[in-house]
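Below is one structure, written out as C-alpha cells; comments come after it.
Both backbone and side-chain heavy atoms feed into the values below; hydrogens, waters and symmetry mates do not.
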Amino acid sequence: MSFQAYLDKIEEKTGRTPRELIDEAKAKGYSDVKAGVICDWLKADYDLGRGHAMALVHVIKNGPQIGDKHVGTKGTHSDPSNLLWLDGKASNPLNA
C-alpha cells in the first residue's frame, strides 16, 4: 500500500481528512510527543490500527513531504508524488 493510500484509507475509516486529524493532533499538543501517544489516541478515538496511525504520525511530525524511494515505481508501494495530499481523497488533483 502506498503512503497516500494509507492516508486515503484513514479518511475512509474516520470520515475525517488527514489535515483535520493533523490539526486535531496539534491542538492536543501531540506535535512533540512519542509516536505511541498519538497511536493510542487514534486507536481510542478512531479505532485506527498501528500501521495507519504510524502513517499519520509521520505526517504530524515531518509534514507532507516523503522521500522519492517509491515515487513513480511499479508495485504496491508506489506513490505518484513525493508530496502527500492531506485535504481529502475526492479533492486530490492526482485522482482526476
Atom pair CD (Glu24) and CG (Leu42), whose distance is rounded to the nearest 0.5 Å: 8.5 Å

query: With distance as the sole test, does His52 use its side chain to make a donor-acceptor pair with the main-chain N or O of Ile10 at under 3.5 Å?
result: no

Ser91 side chain to Gly88 backbone, donor-acceptor under 3.5 Å: yes

message: If hydrophobic residues (ILVMFWY) are linked whenever their side-chain heavy atoms come closer than 4.5 Å, directly or via other members, who joins Trp85 in its cluster?
response: none

query: Quick one: ring pair (Phe, Tyr, Trp, His ring centres under 6.0 Å) pairs with a partner in residues 11-38, sequence neighbours left out?
result: Tyr30-Trp41

statement: Only residue of Asp79, Leu7, Leu84 satisfying side chain to side chain contact (heavy atoms under 4.5 Å, CB included) with Ser2 is Asp79

task: Look up atom CD in Gln4 and atom NZ in Lys9, then write down how far apart they are to the nearest 0.5 Å.
output: 13.5 Å

- prompt: Between Glu20 (side chain) and Thr17 (backbone), is there a donor-acceptor pair under 3.5 Å?
  reply: yes

- request: Return yes if some donor-acceptor pair links the side-chain N/O of Asn95 with the main-chain N/O of Lys89 below 3.5 Å, else return no.
  value: yes

Sub-4.5 Å side-chain heavy-atom contact between Tyr6 and Leu56: no

statement: Across all chains, not counting sequence neighbours, the side-chain hydrogen bond (donor to acceptor under 3.5 Å, both in side chains) partners of Asp23 are none

- prompt: How many angstroms lie between CD1 in Ile22 and NZ in Lys61, if you round to the nearest 0.5 Å?
  reply: 12.5 Å

- prompt: Just wondering, do Lys13 and Leu48 contact through their side chains at under 4.5 Å, heavy atoms?
  reply: yes

